[in-house]
Trainee: 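Take this structure, written in structure tokens, and hold onto it; I'll ask about it next.
Order of the sequence lines fixes the chain letters, A, B, ..., with proteins taken first and strands second; residue numbering starts at 1 for each chain.
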2 protein chains.
Amino acid sequence: MFDVFFTHVNEKVSLTIAEQEQLKTFFLPKKLRKKQYLLQEDDVCRYMAFVEKGLLRSYNVDDRGNEHMLQFAWEGWWIADTYSFLSEEPAAYNIDAIEDAELLLLSLPQFEEMTLQIPKMERYFRILFQNNIIAKERRLISSITYSAEEKYLRLSASNPELVQRIPQHLIASYLGITPETLSRIRKNLLHRQ
Amino acid sequence: MFDVFFTHVNEKVSLTIAEQEQLKTFFLPKKLRKKQYLLQEDDVCRYMAFVEKGLLRSYNVDDRGNEHMLQFAWEGWWIADTYSFLSEEPAAYNIDAIEDAELLLLSLPQFEEMTLQIPKMERYFRILFQNNIIAKERRLISSITYSAEEKYLRLSASNPELVQRIPQHLIASYLGITPETLSRIRKNLLHRQ
DNA sequence: AAATAGCCTTGATCTAGATCAAGAGAAAGT
DNA sequence: ACTTTCTCTTGATCTAGATCAAGGCTATTT
């Protein structure tokens, strides 16, 4: 249940066996079936979720009912509405499972407690957040700089697993384009080898 | 020289006088004239810069010579190419001064040393990075969800200082639209009161 | 094995925003 | 004071990508 998590943490800070045992106590394990919600818009996001197994997504829904993908998370990723989680204000996003999933949930009090009791985890989260900033910066630049086709090519290059594992219409939404446009782009790319 | 910085840090973690004195030793103060570069694309970003006074921007330039604004930073903000700084790989962005500026520079070794010697600063940066993630998430959602006009209205509402202080064509670039489009949007908004 | 729903594709048409072009102020440099 | 360079505006035209519509293919569900 904690295998993926410990591997992930140990890549950034090395934990003793005792620290690993202590760490376990902060989490609430949870299983989620495909299509089940972890969080719905306007509820407060009470947990950050670490994905041990499966695949989740976070997204918002606009006035016209269109979904806009913010993030996908599979084995080894965290997912939450960061703002809602930290501020305890209502969430702006939905989070649900694209594939059946096993999660480790961490509440805000447990998160605060963990970072204070285990300084290595303060460091782990700082590094995690750093990497998250870098990823978001890239996506942002991509979204304001490149054409739909270029965005898709860059995503395929930087994240091949995502392109293989996620349904195409969700990738389109992640890129900020329509499913029709993505379909045509892919057809075009095949056409030119 | 450190006034804005200490105020900013003390909002997140409270420092003793001794800690403040110790903190000063990690920084390299620097003044930058309008239009001067702090960082050029392909150089390694050796410093994170805290802005004590003035206004900087980070941006990249595409194949056709168009600039795309990633961030603006004035009094109380940090600016860097986060990826380049942490990885010591060549930078993807340029950073320069829009207004004359006074900066506090922090190198990677000093950053690492600071977070290890002063645990409060580890915490400060974790919180800083958290807030940065939240801001970038918002901008990302905005960029894939809303029309040009809606993006501009949301930016004006959430960041009035930015809209007043930054030249219009740079705001257009920040929003991922052309200066002509932004000009027309503003004309239109005035027209309807 | 049917029925249903979800996903992808293709075609026809429309539109928000880009591009190209030119001029007018405002600011900055000499 | 006089260029020169920026910045913003307005008009005319173009285009990438959206929207609307429909059909086929694959999974699920019953």
Trainee: Decide, yes or no, whether a salt bridge links R123(A) with E112(B) under the criterion of side-chain N to carboxylate O below 4.0 Å.
Mentor: yes
Trainee: Check whether any side-chain heavy atom of L128(B) sits under 4.5 Å from a side-chain heavy atom of H8(B), and report yes or no.
Mentor: yes
Trainee: When you measure from the centre of the six-membered ring of Y174(A), is the NZ or CZ of R57(A) closer than 6.0 Å and no more than 45° off the axis?
Mentor: no
Trainee: List for me each residue that meets side chain to side chain donor-acceptor pair (under 3.5 Å) alongside T16(B), sequence neighbours excluded, and say none if there are none.
Mentor: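 So T16(B) forms a side chain to side chain donor-acceptor pair (under 3.5 Å) with E19(B).
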Trainee: List in chain and number order the residues that pass side chain to side chain donor-acceptor pair (under 3.5 Å) with E102(B), two or more places apart in sequence or in another chain; answer none if no residue qualifies.
Mentor: none
Trainee: Could you tell me how the ring of F2(B) sits relative to the ring of F6(B): parallel (under 30°), tilted (30 to 60°) or perpendicular (over 60°)?
Mentor: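 Answer is parallel, since the angle falls under 30°.
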Trainee: For chain B and DNA chain D, what are the first and last nucleotides along the strand, 5' to 3', with at least one atom under 4.0 angstrom from a heavy atom of the protein chain?
Mentor: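 Both ends considered, the range comes out as dT7(D) to dA12(D).
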Trainee: Who pairs with N66(A) by side-chain contact (heavy atoms from CB on, under 4.5 Å), at least two apart in sequence or on another chain?
Mentor: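 So N66(A) forms a side-chain contact (heavy atoms from CB on, under 4.5 Å) with D62(A), R64(A), H68(A).
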Trainee: Let me confirm one number: the CD-CD1 distance from Q168(A) to I166(A), rounded to the nearest 0.5 Å.
Mentor: 12.5 Å
Trainee: Is the ring pair F5(A)/Y124(A) parallel, tilted or perpendicular, if the boundaries are 30 and 60 degrees?
Mentor: perpendicular
Trainee: Within this structure, what is the OG1-CE distance for the pair T82(B) and M48(B), rounded to the nearest 0.5 Å?
Mentor: 7.0 Å
Trainee: Side-chain atoms of residues 25-44 of chain B: list all donor-acceptor pairs with protein atoms under 3.5 Å, sequence neighbours left out, distances to 0.1 Å.
Mentor:
unit_1, atom_1, unit_2, atom_2, d
T25(B), OG1, Q22(B), O, 2.5
Q36(B), OE1, R33(B), N, 2.7

Trainee: Looking only at the side chains, is there a donor atom on one of R186(A) and Y152(A) sitting less than 3.5 Å from an acceptor on the other?
Mentor: yes
Trainee: Within residues 141-179 of chain B, find the residues that approach DNA chain D with a heavy atom at under 4.0 Å, and present them sorted by residue number.
Mentor: P167(B), Q168(B), H169(B)
Trainee: Could you pull out all residues at least two apart from E161(A) that satisfy side-chain contact (heavy atoms from CB on, under 4.5 Å)?
Mentor: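 Expected list: W74(A), R165(A).
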Trainee: Listed by chain and number, what are the salt bridge (Lys or Arg N to Asp or Glu O under 4.0 Å) partners of K24(A), not counting sequence neighbours?
Mentor: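 K24(A): salt bridge (Lys or Arg N to Asp or Glu O under 4.0 Å) contacts with E21(A).
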Trainee: Estimate the overall bend of the helix from dA1(C)-dT30(D) to dT30(C)-dA1(D) from the end axes over five pairs each, rounded to 10 degrees.
Mentor: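 Computed from the C1' atoms at both ends, the axes differ by 60°.
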Trainee: Taking for each residue the nucleotide of DNA chain D with the nearest heavy atom, is it S183(B) or L182(A) whose nucleotide lies nearer the 5' end?
Mentor: S183(B)
Trainee: Give me the residues of residues 57-70 of chain B where at least one heavy atom lies under 4.0 Å from an atom of DNA chain D, by number, or none.
Mentor: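 Nucleic-acid contacts, sorted: none.
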Trainee: Could you list all the salt bridge (charged side-chain N to carboxylate O under 4.0 Å, His left out) pairs where at least one residue sits in residues 141-157 of chain B, not counting sequence neighbours?
Mentor: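 Listed once each, the pairs are E149(B)-R192(B).
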Trainee: Between the protein and nucleotides 22-30 of chain C, are there any N/O to N/O pairs under 3.5 Å, and if so, what are the atom names and distances?
Mentor:
none

